[in-house]
Structures are given as C-alpha cells and as structure tokens.
Amino acid sequence: MHDLVGRFEAEHRIYGLDYPPLGERYDRLIEAIELAPEVPRLYEQLVRVALLAGGTQTAVDAAAELRRLAPENPQYAYLQAVATLAHGE
C-alpha cells in the first residue's frame, strides 16, 4: 500500500498540487464523509488511510459501513477482511 501512496504523491507533484500529510488527508476524508455519508468511495479511502496510519479500529468501522453501502462489491469485502486482520480480529 505504501507504493500506492508514493504514486499519488508523485502525481500531485506532476500537476503542481500539494500532497497533504496523512493527518490532514484523514481530516479531509472525515469532512467529506460528513457532507456525503452515502458515498462508498469515501469510506474506501478512509479504510486505506486509516490502515496506513495504524488506526485499525477506524479501518474496521469504515469497512463495515462500506459493506453496508455496497454489500455486493467484492473489493469492499476484501478491504473489510484486510482491516479485520490488521486489527487482530
């Protein structure tokens, strides 16, 4: 997953955009979820950011909401399993 983050950072630099630190990205995701709580993609990103930051309980909670919103999506089932394993459940 760290390679993925590096790729996004490189893409931001190419376009001259700031790539905020992890804490700021987390805060922005929470704000976006508050504004659009029914958008699964936001929860997908929250699972990934939380796992990178070591916030496994946040990742588990976000993955559960993600599965509630889109139970048929196999990628979301996979993310829920990863979050659960990372949390030690």
Side-chain angles (χ1 to χ4, degrees):
M1 195 168 300
H2 290 284
D3 291 340
L4 184 63
V5 171
R7 188 190 80 204
F8 289 144
E9 187 172 0
E11 286 178 1
H12 276 71
R13 282 193 202 133
I14 288 170
Y15 295 107
L17 301 172
D18 290 333
Y19 194 72
L22 189 58
E24 188 175 334
R25 293 194 308 268
Y26 175 82
D27 292 342
R28 288 181 185 182
L29 271 172
I30 296 302
E31 183 179 340
I33 287 170
E34 289 171 355
L35 294 171
E38 298 298 316
V39 178
R41 184 83 172 137
L42 295 173
Y43 290 95
E44 178 183 356
Q45 293 304 313
L46 181 57
V47 171
R48 295 174 191 279
V49 169
L51 288 173
L52 284 171
T56 58
Q57 184 61 57
T58 299
V60 167
D61 294 344
E65 184 62 16
L66 184 58
R67 290 300 308 281
R68 184 191 71 76
L69 292 171
E72 71 290 344
N73 188 313
Q75 279 188 315
Y76 296 166
Y78 171 78
L79 279 177
Q80 186 175 32
V82 169
T84 301
L85 287 171
H87 189 59
E89 293 179 15

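Note that the structure is a prediction, hence the values are computed from the model and not measured.
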Show which side-chain atoms of residues 36-44 pair as donor or acceptor with protein atoms under 3.5 Å away, not counting sequence neighbours.
unit_1, atom_1, unit_2, atom_2, d
Arg41, NH1, Glu44, OE1, 2.9
Arg41, NH1, Glu44, OE2, 3.1
Tyr43, OH, Pro37, O, 3.2
Glu44, OE1, Tyr76, OH, 3.4
Glu44, OE2, Arg48, NH2, 3.0

Just distance, no hydrogens or angles: give the donor-acceptor pairs under 3.5 Å from side chains in residues 61-69, sequence neighbours left out.
unit_1, atom_1, unit_2, atom_2, d
Asp61, OD1, Gln57, NE2, 2.7
Glu65, OE1, Arg68, NE, 3.2
Glu65, OE2, Arg68, NE, 3.0
Glu65, OE2, Arg68, NH2, 2.6
Arg67, NH1, Gln80, OE1, 3.1
Arg67, NH2, Pro71, O, 3.1

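Nearest heavy atom pair, residue Ala86 against residue Leu51, reads CB-CD2, 3.7 Å. Between Ala83 and Val60, the closest heavy-atom pair is O-CG2, 3.5 Å.
Qualifying side chain to side chain contact (heavy atoms under 4.5 Å, CB included) partners for Ile30, counting only residues two or more places apart in sequence or in other chains: Tyr26, Glu34, Leu46.
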